[in-house]
Visitor: 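Here's a structure for you.
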Amino acid sequence: MGAHAGLGSRRVSSEGSQVPAGPSQDQLPAPQNPEIWLYNAQQVLRWGPVSLSNETRPVAYQVQFTFPASSTWMDVNGRNSPIMVNCWGILATECDFTPAGLSLDFLGFPMHFNVSLRVRAELETRTSAWVAAPWFQHYRNVTIGPPENIVVTPGKGSLFITLSPPFNISAPSPVTFSYYVHYWENPGNPQVKGPIHSNLIVLKDLKPLTVYCLQVRAELFWKLQNIARPGHLSNETCHKTEADASTRFQQGILIAVATFLSLAGVAGSCLFVILKYRGLIKHWFHTPPGIPVQIEEYLKDPAQPILEALDDSSPKEDPWDSVSVILCPEKE
């Protein structure tokens, strides 16, 4: 399909093109400002409502489409492929060509096609003039959102990022997605890595045990038309890298030195206390005097006459020894 210059926004609108100077008495006013809203895979036509001051019945709307190669306008009534949605006689002021739950085979217009749309109002037998929105090409005019399913896994001095594209594209496709990572040490100046054409991104040579913040954006590139559509940045997330081998070795040495110094400090403190308070410590650990054996036996059996044996008031005989003297006559 032919390329047209001057389009690049997600909304392609018309300020009431093809509207006559003024409706006749039997003609309805035309819808105002039709615009096509393109975000990722979404395709939605929107327009301003028609208001009738002397009418209480609701105004309905009809939508048609065509391709530049064809001069025929087709109704969006759910029966004309590739658009299997119904926007004929609807009360809403928008027509969503990509509703949830619709089969991918009938989900919106082909993204590389030039498409023209128009809408008009109807009330029973009365209708308005058709109002056309400017033509669009999805790949040319789409707004790209941030990548989906972003998962960041910290590594040894690195960060591993996995993601999926903002929306699925059929294979083979005339377009490709590339990714850019904006990252910085928290705090620090941002750096950019890209373009990357893989769903796995590795940020290497980062400082170990350091917090890094990052954002990721996708860019759609249409090689045939040489058109690039940069996407929106993802939400900012921050992650701390893990320690590498050298950092772990340094940590082990520091832990060993700290442990040795702590033990040495504790031992020195204990020695100082022992030397300064050795008298008091000796008193604390001195064995208390024991109970005499006789009293201990008496406490076990009070019937024993231990008190009599200990009583010194009773009269006692003086102890004496018997001595015999034997005389032997000396020999003359």
Side-chain angles (χ1 to χ4, degrees), residues 1-15 33-46 65-69 82-83 85 94-100 102 104-117 132-152 161-183 190-201 203 214-237:
M1 301 299 171
H4 288 59
L7 294 178
S9 63
R10 68 175 182 179
R11 286 186 174 92
V12 183
S13 62
S14 171
E15 298 296 333
N33 305 325
E35 61 180 10
I36 184 69
W37 188 78
L38 305 172
Y39 183 81
N40 286 342
Q42 292 179 281
Q43 299 173 352
V44 182
L45 177 66
R46 294 170 176 166
F65 73 93
T66 188
F67 303 122
I83 305 302
V85 297
E94 71 173 29
C95 178
D96 188 354
F97 302 103
T98 53
L102 190 65
L104 293 178
D105 295 333
F106 304 102
L107 192 62
F109 297 99
M111 294 186 178
H112 60 285
F113 276 27
N114 293 350
V115 183
S116 294
L117 299 169
W135 72 273
F136 71 92
Q137 277 180 304
H138 193 101
Y139 288 144
R140 181 185 299 272
N141 305 112
V142 66
T143 295
I144 307 298
E148 299 286 340
N149 306 317
I150 300 175
V151 178
V152 181
I161 306 169
T162 58
L163 47 79
S164 57
F167 61 93
N168 294 324
I169 53 178
S170 59
S173 175
V175 299
T176 56
F177 277 111
S178 58
Y179 304 97
Y180 295 81
V181 181
H182 300 245
Y183 67 99
Q191 304 178 58
V192 180
K193 181 173 182 176
I196 301 169
H197 301 281
S198 171
N199 291 355
L200 173 62
I201 304 172
L203 300 180
L214 59 87
Q215 292 177 290
V216 187
R217 69 175 178 88
E219 182 175 277
L220 182 144
F221 181 68
W222 191 1
K223 185 177 181 180
L224 181 63
Q225 300 290 339
N226 195 27
I227 294 176
R229 298 293 297 169
H232 291 174
L233 286 169
S234 64
N235 293 331
E236 176 184 327
T237 59

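Values reported hereafter were calculated over all heavy atoms of this structure, with side chains retained and with hydrogens, waters and symmetry mates removed.
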Visitor: Is the closest side-chain heavy-atom distance between Thr143 and His232 below 4.5 Å?
Guide: yes

Visitor: Could you tell me which residues satisfy ring-ring contact (aromatic ring centres under 6.0 Å, His included) with Tyr179, sequence neighbours excluded, listed by chain and number?
Guide: none

Visitor: Hey, what do you get for CD (Gln137) to CD1 (Ile36), rounding to the nearest 0.5 Å?
Guide: 13.0 Å

Visitor: Kindly indicate whether the side chain of Ile144, heavy atoms from C-beta on, has any atom under 4.5 Å from the side chain of Val142.
Guide: yes

Visitor: When you compare the side chain of Leu117 with that of Pro34, does any pair of heavy atoms fall below 4.5 Å?
Guide: no

Visitor: Any donor-acceptor pair under 3.5 Å linking the side chain of Thr98 with the backbone of Gln43?
Guide: yes

Visitor: Kindly give the heavy-atom pair with the smallest separation between Ala133 and Leu45, and that separation in Å.
Guide: CB-CD1, 4.1 Å

Visitor: Distance check, rounded to the nearest 0.5 Å: Thr162 atom OG1 versus Asn199 atom CG?
Guide: 8.5 Å

Visitor: Kindly say whether Ser116 contributes a backbone atom to a donor-acceptor pair with the side chain of Thr66 at under 3.5 angstrom?
Guide: no

Visitor: Glu219: which residues meet the salt bridge (Lys or Arg N to Asp or Glu O under 4.0 Å) condition with it, sequence neighbours left out?
Guide: Arg217

Visitor: Identify the two heavy atoms, one from Ile169 and one from Val175, that lie closest to each other, and give their separation to 0.1 Å.
Guide: CD1-O, 3.5 Å

Visitor: Which pair of heavy atoms, one from Gly145 and one from Pro166, lies closest together, and at what distance?
Guide: O-CG, 3.4 Å

Visitor: Side-chain contact test, heavy atoms from C-beta onward, threshold under 4.5 Å: evaluate it for Ile161 versus Leu214 and give yes or no.
Guide: yes

Visitor: For the aromatic rings, using the six-membered ring if either is Trp, is the centroid distance between Phe167 and Phe177 under 6.0 Å?
Guide: yes

Visitor: Report the residue from Gln225, Met111, Arg229 that forms a side chain to side chain contact (heavy atoms under 4.5 Å, CB included) with Arg140.
Guide: Gln225

Visitor: Between His138 and Asn40 (side chain of the first, backbone of the second, donor and acceptor by atom type, cut-off under 3.5 Å), is there such a pair?
Guide: yes

Visitor: Rounded to the nearest 0.5 Å, how far apart are CZ of Phe109 and CG of Leu38?
Guide: 10.5 Å

Visitor: Among residues at least two apart in sequence or on other chains, which ones pass side chain to side chain donor-acceptor pair (under 3.5 Å) with His182?
Guide: none

Visitor: Who are the ring-ring contact (aromatic ring centres under 6.0 Å, His included) partners of Tyr180, not counting sequence neighbours?
Guide: none

Visitor: I want to check something: taking the side chain as every heavy atom from C-beta on, are Asp96 and Val85 in contact at a cut-off of under 4.5 Å?
Guide: no

Visitor: Enter the distance from Leu200:CG to Leu163:CG here, rounded to the nearest 0.5 Å.
Guide: 8.5 Å

Visitor: Considering residues at least two apart in sequence or located in another chain, which fulfil the side-chain contact (heavy atoms from CB on, under 4.5 Å) criterion with Ile196?
Guide: Lys193, Ser198, Ile201

Visitor: State, to 0.1 Å, how close Pro174 and Trp222 come at their nearest heavy-atom pair, and which atoms those are.
Guide: O-CD1, 3.5 Å

Visitor: Checking ring-ring contact (aromatic ring centres under 6.0 Å, His included) between Phe113 and each of Phe67, Phe136, Tyr139, Trp135, which is the one that passes?
Guide: Phe67

Visitor: For Glu94, which residues count as a salt bridge (Lys or Arg N to Asp or Glu O under 4.0 Å) partner, sequence neighbours excluded?
Guide: Arg46

Visitor: Can you find a heavy atom in the side chain of Phe221 that is under 4.5 Å from one in the side chain of Lys223?
Guide: yes

